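Computed from a predicted structure; not experimentally measured. Chain letters run A, B, ... following the sequence lines, proteins first and then strands; every chain starts at 1.
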Protein chains: 2
Amino acid sequence: MSAQKLSVPRLSDAVAETLERQILDGVFKSGDRLPAERELAVSLGVSRPSLREAIQKLASRGLLRSRQGGGTFVTGQLDAAFFDPWQEMLGAHPELRTDVAELRRVLASEAAEWAAKRRTPEDMTRLVQTFTALRGALSAAQGEFVQAGGGFGETSLPTAQDKDGIETLIASDAAFHQAVAEAAHNAMLGHLYAAVLRLLVDDIRLNFSELREVSRAFSLLASQYSTLFEAIRDQRPAAARAAVEAHLDFVAESMAQSLRAAARRETAAQRLQSHPDFSGGAIAAVASFSSHA
Amino acid sequence: MSAQKLSVPRLSDAVAETLERQILDGVFKSGDRLPAERELAVSLGVSRPSLREAIQKLASRGLLRSRQGGGTFVTGQLDAAFFDPWQEMLGAHPELRTDVAELRRVLASEAAEWAAKRRTPEDMTRLVQTFTALRGALSAAQGEFVQAGGGFGETSLPTAQDKDGIETLIASDAAFHQAVAEAAHNAMLGHLYAAVLRLLVDDIRLNFSELREVSRAFSLLASQYSTLFEAIRDQRPAAARAAVEAHLDFVAESMAQSLRAAARRETAAQRLQSHPDFSGGAIAAVASFSSHA
DNA sequence: TAAATACAAAGGTATGACCATTTTACCTTT
DNA sequence: AAAGGTAAAATGGTCATACCTTTGTATTTA
């Protein structure tokens with residue numbers, strides 16, 4: 001009578017839960033486009049109306065957004081829940097960037113350790129992909145610099161090609177770190193780390209830009225990435241943690257140098273023209289970085 | 001171009017809005033049965049799939065409830081909307097709670113270590129305040145239990161006073177941990193930790209509720225809190241980290257026990273009446289917890 | 001009268017088709 | 001070779017129909 005009858009589970013609810021789960025697990029990331037409804041319905045083994053009802057449910061919760069003719073996209077509301085308040089805070093208090101970087105170090109360390117413990121073969125394929133792409137982007141960006149590095153007067157005038165190289169490098173870097181975080185198999189950590197990386201994207205860009213003018217810097221980075229990758233591949237958690245911490249310590253030190261260099265450049269832009277070998281100082285700085293590893 | 005185009009209004013959205021409006025206006029009152037989908041579709045001038053999508057949207061928000069063969073009814077649930085998206089996720093995917101708890105352990109460990117390193121005198125005054133309040137709430141809640149603990153048959157019937165004790169205990173616990181996190185002097189960590197604690201409040205409540213029925217549990221907790229507090233006070237980072245990790249490992253183990261106990265209670269509610277000394281098992285369980293510290 | 005049965009109603013699901021919009025590829029033009 | 005435009009493919013949006021399962025109720029039967 002008054003008791004609740006056991007309700008028959010609706011198929012659309014199960015589908016919605018599956019999709020939600022996949023979004024949560026990073027199978028579909030923020031901004032990704034879902035497969036077409038017809039394909040997705042087949043791959044899920046349900047009819048299109050059932051899938052559509054599930055999509056509508058998630059869309060009504062703001063997790064998905066559909067555009068006729070375009071596709072259905074993951075809105076990234078989950079990441080935004082972390083990201084938005086923080087970005088606001090960062091805008092008002094730029095000095096918090098060091099706090100974010102510090103937090104990132106913690107999250108990345110833990111992610112690397114867990115990834116080394118829990119990675120699956122599927123994780124490895126993605127890690128290999130992103131690692132390979134990152135190595136390629138690294139050498140490509142380095143190659144561009146070496147190629148055009150003869151004229152030192154242009155260092156403050158990046159070409160469009162340079163900018164593309166840096167951007168793909170940033171994207172590759174983020175993708176690799178994200179792959180590590182997702183190999184840790186903790187959905188919260190994965191989304192949180194994505195949000196933190198987005199917060200730091202400006203710093204990362206600045207850092208890469210400065211670092212690419214130092215020929216040895218990128219090979220250092222490459223070796224650091226390799227160490228991390230191999231530690232996860234060989235399932236050595238402590239080594240993975242150490243590798244990512246060494247990498248981020250190097251990055252942090254480099255960041256401090258970059259900020260100082262940027263400030264210096266502000267006041268001495270003209271003098272750079274007459275002292276084209278200033279980068280020797282940067283090379284010396286990188287040499288000191290290597291002692292951190 | 002890439003900016004957001006004005007999206008074509010979906011018919012199902014318009015239908016959902018119409019239905020919601022009619023429910024709000026009292027055309028369909030609470031508990032009413034909506035017209036059959038086929039009739040309603042005709043009367044609204046839309047197809048049944050479109051109407052169904054609209055109904056699913058409202059059902060996913062709790063406004064409607066459909067029973068196969070019965071009909072679609074208006075539930076009195078008005079405006080249960082606008083949760084934290086992560087809160088919703090946790091509701092739909094309970095297995096995520098372990099992820100959150102795992103993340104919390106990381107954050108709390110780091111917070112404790114940093115707090116021991118960086119705490120200021122001002123931090124100490126707040127730590128003392130919250131720690132004292134927590135100890136008070138702990139013994140108060142324990143006292144309530146001991147006072148009313150004679151009749152074991154009532155353990156599943158918490159009084160209003162019990163509930164208040166638990167709630168103040170939860171608040172005190174959160175305040176103390178939050179004070180530790182803020183003594184770490186990383187604003188991002190502080191905000192993040194607060195958010196994570198909010199996500200876990202239900203688990204913490206459940207855990208305290210189960211734990212308070214075991215007389216020795218609260219004194220164990222009190223000693224754990226003391227160890228953490230003293231480590232921060234004496235600026236011993238490693239000890240602080242160890243203390244909070246021991247505490248959270250105990251909590252995690254206790255949580256697992258609580259969930260098992262809750263599940264057991266579900267199926268054996270009657271037997272509890274005839275076996276009032278069941279709590280002896282819980283005490284034994286807690287005794288095993290102490291080996292984790 | 002009460003239990004069992006049968007029928008109708010209602011929601012749940014599946015299939016197929018067609019429409020509107022967007023995206024993409026190709027082709028023409030400059 | 002680059003720019004622009006047009007057509008085709010892709011994709012979500014909508015509709016119609018059919019069939020199934022569950023529920024509610026009227027009918028039949030013991």
Query raised in the report: What is the per-nucleotide protein-contact pattern of nucleotides 8-18 of chain C, from the 5' end, where B denotes a base atom under 4.0 Å from a protein heavy atom, S denotes such proximity for sugar-phosphate atoms only, and - denotes neither?
Result: --BBBBBB-BB

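- Scored by the ring pair (Phe, Tyr, Trp, His ring centres under 6.0 Å) test, A/Phe208 finds no partners at all (sequence neighbours excluded).
- C/dG12 is paired with D/dC19 under the Watson-Crick or G-U wobble criterion, all donor-acceptor distances under 3.5 Å.
- In summary, A/Arg118 and A/Asp123 do not engage in a salt bridge, as defined by a charged side-chain N under 4.0 Å from a carboxylate O.
- Remark: A/Arg119 pairs with no residue by the side-chain hydrogen bond (donor to acceptor under 3.5 Å, both in side chains) rule, at least two apart or across chains.
- With respect to the salt-bridge test (charged N to carboxylate O, under 4.0 angstrom), the residues B/Arg10 and B/Glu53 do not qualify.
- A heavy-atom distance below 4.0 Å to DNA chain D is reached by none of the residues of residues 14-24 of chain B.
- Rounded to a whole Å, the CG atom of B/Leu44 is 15 Å from the C1' atom of D/dC15.
- For A/Phe82, the ring pair (Phe, Tyr, Trp, His ring centres under 6.0 Å) partners two or more places apart in sequence, or in a different chain, are B/Trp86.
- Taking B/Ser50 as the reference, B/Ser47 meet the side-chain hydrogen bond (donor to acceptor under 3.5 Å, both in side chains) condition, with sequence neighbours excluded.
- The distance between atom CG of B/Asp13 and atom P of D/dG12, rounded to the nearest whole Å, is 16 Å.
- Look at B/Glu95 and A/Arg21 and you find a salt bridge, because one of the NZ, NE, NH1 or NH2 atoms lies within 4.0 Å of a carboxylate O, short of that distance.
- Taking the six-membered ring where the residue is Trp, A/Phe229 and A/Phe176 present tilted rings, their angle falling between 30° and 60°.
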